[in-house]
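First comes the structure, then the notes that go with it.
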There are 2 protein chains.
Amino acid sequence: MSKSEGSVAEAAPTSERQCCPPIAQQRVDAATAADLAIAFKALGDPVRLQLMSMIASAPGGEICVCDLTPAFEISGSTISHHLKTLREAGLVDARRRASWVYYRPRPALMRQLSALLDPGA
Amino acid sequence: MSKSEGSVAEAAPTSERQCCPPIAQQRVDAATAADLAIAFKALGDPVRLQLMSMIASAPGGEICVCDLTPAFEISGSTISHHLKTLREAGLVDARRRASWVYYRPRPALMRQLSALLDPGA
DNA sequence: CGTCGAGCTTGACATCTATCGAAACCGTGT
DNA sequence: ACACGGTTTCGATAGATGTCAAGCTCGACG
């Protein structure tokens with residue numbers, strides 16, 4: 001299974017599901033829950049949540065792995081593994097430039113999750 | 001370690017952390033990430049996400065466990081275990097009335113998570 | 001006071017996950 | 001062509017997690 005280019009986002013879980021109303025307003029069905037739980041699970045690790053915040057708040061909209069790795073005590077391969085999880089969840093996108101790989105956020109899913117948790121009034 | 005009453009919310013992870021700016025605007029520090037990752041992890045299971053949505057969208061602001069359990073194929077003890085996870089994450093609150101236990105959402109944390117993921121503009 | 005039903009807790013088990021080191025991969029520069 | 005540094009993948013392992021069955025607790029109601 002070779003993935004040739006770096007800009008492809010490994011595809012969000014199933015199909016791009018429509019943006020759902022907040023859970024405070026309407027129940028999510030099982031399929032949607034299974035879908036979105038993948039994204040929440042990806043954020044459910046301290047390292048990944050920090051990685052996500054570093055990527056999302058990166059000035060210029062992107063950040064190099066070489067700037068992410070030294071911020072943690074864990075090995076580079078583990079960082080890479082966490083980044084893959086975020087990628088597969090559809091939360092970030094990776095792109096190679098020269099020798100370095102840059103990550104950028106995917107605001108669409110972030111917005112969807114944010115809207116989902118909005119308690120409304 | 002006995003917890004005697006049902007209305008206490010098992011306490012949010014550490015202390016009630018201040019509402020943080022969106023991750024798109026500022027990095028979260030390790031302690032905050034560890035804290036909030038617990039909540040995201042709690043939502044990172046399809047069953048729990050559905051439970052959360054059923055609780056958050058319950059008319060009257062609360063819902064009986066007896067209305068939650070039959071919506072799934074899994075055993076009651078597993079439902080109870082998932083509800084405990086949501087409780088310990090600070091996402092829901094349980095209260096016993098007569099023979100039944102009712103769950104209600106805790107909007108504060110939901111709002112915090114929602115704001116955290118807001119990509120802003 | 002004894003029993004019944006609704007939920008919770010405990011113990012056990014199979015699966016998943018976070019982590020590491022080693023090896024492979026892929027541009028760059030010599 | 002070769003070696004180098006950054007990143008990912010692979011294989012292995014300890015620990016966490018989802019699930020169930022069985023036992024327990026707490027009110028309600030005879």
Side-chain angles (χ1 to χ4, degrees), chain A residues 1-10 30 33-34 37-38 40-52 55 62-89 92-104, chain B residues 1-10 30 33-34 37-38 40-52 55 62-89 92-104:
Chain A
M1 202 172 303
S2 68
K3 93 173 148 59
S4 43
E5 27 180 322
S7 70
V8 177
E10 242 121 272
I38 295 176
F40 282 122
K41 189 191 296 187
L43 296 174
D45 178 277
V47 173
R48 285 197 296 266
L49 187 53
Q50 260 193 292
L51 284 170
M52 187 69 214
I55 295 169
E62 64 179 15
I63 187 171
C64 176
V65 174
C66 59
D67 290 326
L68 295 172
T69 305
F72 301 88
E73 298 293 328
I74 60 185
S75 74
S77 66
T78 302
I79 296 287
S80 183
H81 177 248
H82 282 311
L83 288 173
K84 182 179 184 179
T85 301
L86 290 174
R87 239 162 39 220
E88 289 176 344
V92 301
D93 187 10
R95 162 172 336 200
R96 180 165 214 127
R97 277 217 313 274
S99 294
W100 297 278
V101 177
Y102 292 83
Y103 278 77
R104 61 177 59 220
Chain B
M1 202 174 306
S2 69
K3 99 177 142 56
S4 43
E5 28 178 323
S7 71
V8 177
E10 242 119 271
I38 296 175
F40 282 122
K41 189 190 297 188
L43 296 174
D45 179 277
V47 172
R48 285 196 297 266
L49 187 53
Q50 259 193 293
L51 284 170
M52 187 69 215
I55 296 169
E62 64 179 15
I63 188 170
C64 177
V65 174
C66 59
D67 290 326
L68 294 172
T69 305
F72 300 87
E73 297 295 327
I74 60 185
S75 73
S77 65
T78 301
I79 296 286
S80 184
H81 176 248
H82 282 311
L83 288 172
K84 181 180 185 179
T85 300
L86 290 174
R87 238 161 42 219
E88 289 176 344
V92 301
D93 188 9
R95 162 171 337 199
R96 178 164 216 128
R97 276 217 316 275
S99 295
W100 298 278
V101 177
Y102 291 84
Y103 278 76
R104 60 178 59 220

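Protein chains get the first letters and strands the later ones, always in sequence-line order, with residue 1 at the start of each. What's counted below: heavy atoms across the whole structure, side chains too, no hydrogens, waters or symmetry copies.
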Distance check needed: [N] [atom2] versus [X] [atom1], whole Å only.
| X | N | atom1 | atom2 | result |
| --- | --- | --- | --- | --- |
| A:I63 | D:dG6 | CD1 | P | 16 Å |
| B:W100 | C:dG7 | CH2 | P | 8 Å |
| A:I79 | C:dG21 | CD1 | C1' | 16 Å |
| A:H82 | C:dC16 | NE2 | P | 18 Å |

**Prompt:** Checking only heavy atoms, does the side chain of A:S75 share a donor-acceptor pair with the base of C:dG21 at less than 3.5 Å?
**Reply:**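 Not at all, since no donor on one side and acceptor on the other fall under 3.5 Å apart.
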Describe the nucleic acid contact of [X] in one word from base, sugar-phosphate, nothing, applying a heavy-atom distance below 4.0 Å.
| X | value |
| --- | --- |
| A:R97 | nothing |
| A:H81 | base |
| B:F72 | nothing |
| B:S99 | sugar-phosphate |
| B:Y102 | nothing |

N or O in side chain of [X] less than 4.0 angstrom from [N] OP1/OP2:
| X | N | value |
| --- | --- | --- |
| A:R48 | C:dA18 | yes |
| A:K41 | C:dT17 | yes |
| A:S77 | D:dT8 | no |
| A:S80 | D:dT8 | yes |

**Message:** Less than 4.5 Å apart, side chain to side chain, heavy atoms only: is that true for B:T69 and B:V65?
**Reply:**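 Yes. Closest side-chain heavy atoms under 4.5 Å.
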**Asked** Cut-off 3.5 Å, side chains only: do A:S77 and A:S80 have a donor facing an acceptor?
**Response**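 Short answer, no.
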**Request:** Report the distance from atom CZ of A:R95 to atom OH of A:Y102, rounding to the nearest 0.5 Å.
**Result:**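 A:R95 atom CZ to A:Y102 atom OH measures 12.0 Å (nearest 0.5 Å).
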**Message:** Would you compute the distance between atom CG of B:L68 and atom CD1 of B:I79 and round it to the nearest 0.5 angstrom?
**Reply:**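 Between B:L68 CG and B:I79 CD1, I get 7.5 Å after rounding to 0.5 Å.
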